[in-house]
Amino acid sequence: MAGITTLGQFIIEKQADFSYAKGELSRLLRDIGIASKIVNREVNKAGLVDILGDAGTTNVQGEDQKKLDMYANEQFISALTSGGECCIVVTEEEDEFVPIDSPVSKNAKYIVCIDPLDGSSNIDVNVAVGTIFSIYRRKSVDGCATITDILQKGTQQVAAGYVIYGSSTMLVYTTGNGVNGFTLDPSIGEFCLSHPNMKVPEDGIIYSINEGNYVHFPEGVKKYIKYAQVEDLSTRRPYTSRYIGSMVGDIHRNLIKGGIYMYPTTASSPNGKLRLLYECNPMAFIIEQAGGVASDGLNRILDMQPKELHQRTSIFIGSPKMVKKAEEFMAEFS
Ligand code: AHG
Ligand code: MN
Ligand code: MN
Ligand code: MN
């Protein structure tokens, strides 16, 4: 396959960047890639198989779990269990952390925090959904990880990535040496390097926010939105609003085209809606590695010390110039 670099080849080529890893992280990323292909197969058939709609259960977040939430959750946990490189999984769909106690995983080095299916509200309407993952090294020396191993700052991540099940299926990840995107070629069942060394544009004109919450936004966010809806068109290009309702979809578009994604505090989410461990930290690591910025409007996301598994935070993430402008409004008005 002249000129094609598969995810597997790329991971092995880059393995030289890790002094401490003797292939474990490479195998862990491979395991996640495999599970993503299995989830992709069901996402692509959704509507033809009994995978749409509610599972009839609710998760610790108080959300109605969709069948695909549960299916994806099971697939990733099972791939991480059989892969043997992960000793604990934190997932949106389980109240507590999941110890992976298979014989091979006893001294596994890594912890994986995962949002198995992001954008669940879009599953039944055929709009892009995703998976988000974040990987830490176990800090405790003997045996499996403990809660202190899990509650590490985002700066401690060794890798983070997302899969977007959209018009094509892509896996985008970083191990701290830049961001690379791979597109699934279904004809060979391989993720192939399609977006090497991704960089978020310094500035942009796309702002992504659920304006249905406008009334309850912090004053600084309201001011930023009015700034985006520029009045005097002679001063600068008008902005455009794009909101998919899948964090992965909105941030992937902004990574490629430039833009800002905001999920501030709202009346129903006084601490923000998005979860620090498996949504905000991994997306912040990726966007920073692509030259962007991610904060809660004031504090850098990656510097936050997590206190509990499903902790939420507000998030402003994307093109540096746009996030910094929003932070100025937050500092001045909120
Ligand atoms: P999830 O489907 O994993 O629970 O995440 C949904 C999140 C995120 O993907 C999306 O950007 C946001 O919730 C949408 O929230 P609103 O519907 O409140 O705008
Ligand atoms: Mn959910
Ligand atoms: Mn999510
Ligand atoms: Mn989810």
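For clarity, every value in this text was computed on a predicted model and none was experimentally measured. Read the numbers this way: they start at 1 and go in the same order the structure lists the ligands and their atoms.
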task: Tell me, please, if E92 has any N/O/S atom, main chain or side chain, under 2.8 Å from the Mn ion (ligand 3)?
output: no
- line: Separation between OG (S36) and CD1 (I164), nearest 0.5 Å, reads 13.0 Å
message: Can you tell me how far apart CD (E93) and CD1 (I114) are? Round to the nearest 0.5 Å.
response: 10.5 Å
query: Do Y214 and K222 pass the side chain to side chain contact (heavy atoms under 4.5 Å, CB included) test, and can you show the C-alpha distance, the side-chain angles, and the key distance before you say yes or no?
result: CA-CA 7 Å; Y214 182 86; K222 292 181 179 177; 3.5 Å; yes
statement: CZ (R312) and OH (Y263) are apart, to the nearest 0.5 Å, by 9.0 Å
- request: For the Mn ion (ligand 2), decide whether E63 has an N, O or S atom at a distance under 2.8 Å.
  value: yes
field: Vertex the Mn ion (ligand 3), arms to E279 OE2 and D118 OD1, rounded to 10°
entry: 110°
Heavy-atom side-chain proximity of L52 to K67 below 4.5 angstrom: no
message: Let me check your reading of the structure: within less than 2.8 Å of the Mn ion (ligand 4), is there an N/O/S atom from G119?
response: no
Short N/O/S contact of D115 with the Mn ion (ligand 4) (below 2.8 Å): yes
